[in-house]
Amino acid sequence: MTSTTGQSNAETIERARRVTAAEDYDIGTRFPSVFVSAQGSWMTDVEGKRILDVTAASGALLLGNQHPRVVEAVSNAVRNHGAVFASTLSPQRIELAERLVERYPAGEKAVFCKTGSEATTTAIRLARAYTGRDLILTSGYHGWHDWQLSYLNMGFDPRTRVANFGYNETALRRFLEEFGSDIAGVIVTPEPAWLDTDYYSNLSSICAEFGVLFIIDEVITALRWGAKGLNGTGGVRADMITVSKGLSNGHALSAVLGRREVIDAYDKAGIAGTYTREVPPMAAALAVLDEIEDGAVHEQCEKMGKLLKDGMRDVLASVGIPAFVTGPNMMFDVVVESESLSWDIYRAAYDFGAYFEDSGTHMVTAAYGEAEVEHALTAFEKGAKQVASKLELAPGDLPDARKLAFPLEAFGGSLKDSEGVLQRIEDTVERIAKRDKDQGNALDPACG
Ligand SMILES: *Cc1c(COP(=O)(O)O)cnc(C)c1O
């Protein structure tokens, strides 16, 4: 077998382990391949083996790798325009802002950064600077920065002055009633497989009722919950939204869109970033916006995503593994009895040539056709059969308890007002009330 680096996957991973790889993030939670190239949704590893990506590179890709229009735009930018300039403005940035604010109702003005984590952190800095208030309420994953390290737990972190309400409406109302005038903003990540647009419209109205900024973290949904996210497709009103994954089809770029006067707090919030001006990712984003303009890309993704979703549901039913398959076609969840069962199935499917996200959220790209869906389903079926043959499974429906446990495990969703949850809300109220208001308040020099 030809090997690109002369080493096997296992040897290459050992080499990585010595100098760069994190044991869990890079190795323990991934399948044992080191990829050297990818075209469309097919990846080739160091041993020359081709594997189909069913993760869309964690959502970073919308069109698939090496999309001609994006390759052309990026090459042209690098070759003919340059990577960065002494000043921060470029025609590409201005045009991209114009097109994004036109695309999403929340946008009157847009600013840029590199990653999703940076965009959400920018959004809360803007909210604090604009309002002069210190508290942030949050639900869901917004990246890895300090202010939401404990995103899975309802509660309050006095160091960052961020309270997590766990997608629980009772908690949100209670915190707003108690501390409304100290709250700079509420930021939530859409979980379309579990909570519908009505749920988010309601959150948006509650925030408006209390005069608090409502921010939707659409880092992943802006181009995957329909073509224009919860804000555009779902019509949920927001004061700010964040956009990133897929926007530049794999290149690092994120955006914060919002009401003019909120975004205008940029200077006061002390935001900066050497690389926010980088031109090629903006050229890539413009090419993506051109490509998706007529709707055909989303139509294709929706169609292929639906085939995959329905197919996976059928496979699990026929193999006799109780499962709950839910969510929009372009980012749906497959829930089985336990995380370890989920891992075992996808690990087995990987040996048959398909790389699934082990947590169970699956995403196609526009590079998917029926052949790709068929390949994914065949690998999934072979993997599922292999795992099922070693287990004693009682067929039937997935228990309701598991359906409720999954949102808590996956995104900190405390969706039911159980006694424990109600107690936790009261404990959190007490902790917020006891915070040191002199410490790190929004008007200190760090925030302009
Ligand atoms: C991925 C993601 C982030 C973090 O983005 P990074 O680019 O990994 O920093 C934030 N919010 C949501 C909703 C995401 O899906």
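Both ligands and their constituent atoms are indexed starting at 1 by order of listing. Every heavy atom of this structure was used, including side-chain atoms; hydrogens, water molecules and symmetry mates were not.
The closest heavy-atom contact to atom 11 (N) of ligand 1, among the options T115, L253, D217, comes from D217. In this structure, of R224, Q148, K245, E191, the residue bringing a heavy atom nearest to atom 15 (O) of ligand 1 is K245.
Residue S117 approaches ligand 1 through these ligand atoms, each under 4.0 Å from one of its heavy atoms: 4 (C), 5 (O), 6 (P), 9 (O). For ligand 1, the atoms sitting less than 4.0 Å from at least one non-hydrogen atom of I220 are 15 (O), numbered in the order shown with element in parentheses. Close contacts between ligand 1 and T189 involve ligand atoms 13 (C) [criterion: under 4.0 Å to a heavy atom].
For the side chain to side chain contact (heavy atoms under 4.5 Å, CB included) with S254, the lone residue among P281, C113, S248 that qualifies is C113.
Between S244 and ligand 1, a contact under 3.5 Å exists for no N or O pair. Annotation: G116 places an N or O atom under 3.5 Å from an N or O atom of ligand 1; distance criterion only.
Smallest separation of non-hydrogen atoms from T55 and F356: CG2-C, 3.8 Å.
With a 6.0 Å radius and a threshold of 12 heavy atoms from other residues, nucleotides or ligands, Y275 has its OH atom at or below the threshold. Summarising the local packing, CD of E302 is surrounded by more than 12 heavy atoms from other residues, nucleotides or ligands at distances under 6.0 Å.
Between F31 and W343, the distance from one ring center to the other falls under 6.0 angstrom.
A cation-pi arrangement is absent between R125 and Y266 under the rule of less than 6.0 angstrom and at most 45 degrees off the ring axis.
H142 C, 3.3 Å is the protein heavy atom nearest to atom 10 (C) of ligand 1.
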